[in-house]
Amino acid sequence: MPTWQLVLRYVLLLAVLALTVGPFLWQLSTSLKGPGEDIYSYPPSLIPHDPTLKSYGEVAKIIPVWDFALNSLKVAAANVLTNCVGAALAGYALARMRFRGRKTAMVVFMMAMLVPVESIMIAQFVTMRDIQLNNTLIGVLLPGCIGAMNVLLMRNAFAGLPYEVEEAAFVDGANAWQRFTRIALPSVKGTLAVVAIFSFMGAWDDFLWPLIVLSDQSNFTLTIGLNFLHGTFADNQRLVAAGTIIAVLPLIVMFACLQRYFFRGVGEGAVKG
């Protein structure tokens, strides 16, 4: 490879890195700066001269951020569980079982991905209200408890597995449930990690649907609570930055724990079935 192409490649990679990681580092730096530091100084200083965690304590005094975070954690954890279980079961059925309407079900899942979420939120809210689940965390969870994209990811992962292994298990007397739990599912742990990460991120970062369905502050998720922080104390960017870091940190921790499975799972889910 010519030297200029190598240099250009690294320049582009550094530019992408700056665009993706730069805002997070700036928010982290702002949240750690003391009250005596000018966060609008030029040239901007990324390293705090007087680092302090005082802003994080102030956020907890202004809004019940840890209660909001607990609500978000409940919804996100439940969303991970329902998506992993539901998507795995549906994906295995679409990939391995032969039944009438299987192709139609595949088309339905693909069409569901084309429908904008905003276009069905009113219908979802009316449904939650009719079954008396509005203003509850269950109402926040239900619309996204099994995602069409996650089902298709699991379906492709199962379809990429060698069928001969399951045929041998079938000859030995294993039923469909045993083949699913003992052979197929352990082979797609990477895709399950991808589904878990996407499900957690989707539930944790969701703002519009919880804003519509929740009205009691005790049930607010973290994204709704931080919206109050932005609206009332927008002049204190240290508090806003601290709240942002509190919201982003669990996602970073989860990805760090599952990154080994994540990159392997992307390849599993990309196999054409």
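If you read the sequence from its start, that first residue is 1, and numbering goes on from there.
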Examine distances only and state if a side-chain atom of [X] and a backbone atom of [Y] form a donor-acceptor pair shorter than 3.5 Å.
X: Ser187; Y: Ile183; result: yes
X: Gln27; Y: Phe24; result: no
X: Asn83; Y: Asn79; result: yes
X: Ser199; Y: Val80; result: no
X: Ser29; Y: Leu25; result: no
X: Asp67; Y: Asn219; result: no
X: Arg155; Y: Ala90; result: no
X: Arg238; Y: Thr30; result: no
X: Asn150; Y: Ala87; result: no
X: Thr191; Y: Ala157; result: no

More than 12 foreign heavy atoms under 6.0 Å from [atom1] of [X]: is that the case here?
X: Met106; atom1: CE; value: yes
X: Ile138; atom1: CD1; value: no
X: Tyr10; atom1: OH; value: no
X: Arg182; atom1: CZ; value: no
X: Met97; atom1: CE; value: yes
X: Trp26; atom1: CH2; value: yes
X: Leu12; atom1: CG; value: yes

Common cluster, [X]/[Y], ILVMFWY with side-chain heavy-atom separation under 4.5 Å:
X: Trp4; Y: Leu13; answer: no
X: Val75; Y: Leu142; answer: yes
X: Phe125; Y: Leu141; answer: no
X: Ile47; Y: Leu32; answer: no
X: Leu17; Y: Leu8; answer: no

Calculate, to the nearest 0.5 Å, the distance between atoms [atom1] and [atom2] belonging to [X] and [Y] respectively.
X: Leu94; Y: Asn156; atom1: CG; atom2: CG; answer: 10.0 Å
X: Thr244; Y: Ile246; atom1: OG1; atom2: CD1; answer: 9.0 Å
X: Ile224; Y: Ile63; atom1: CD1; atom2: CD1; answer: 11.5 Å

Next item on the list: Describe, in one word, how the ring planes of Phe158 and Tyr92 are oriented to each other, choosing from parallel (under 30°), tilted (30 to 60°) and perpendicular (over 60°).
Entry: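 Rings of Phe158 and Tyr92: perpendicular, as their planes differ by over 60°.
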
Next item on the list: Kindly assign one of parallel, tilted or perpendicular to the pair Trp204 and Phe200, based on the angle between their ring planes and the thresholds 30° and 60°.
Entry: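 Taking Phe200 first and then Trp204, their aromatic rings lie parallel (interplane angle under 30°).
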
Margin query: Are Lys74 and Leu70 packed together at the side-chain level, in the sense that at least one heavy-atom pair is separated by less than 4.5 angstrom?
Written below: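 When only atoms from C-beta onward are counted, Leu70 and Lys74 do touch, with a gap below 4.5 Å.
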
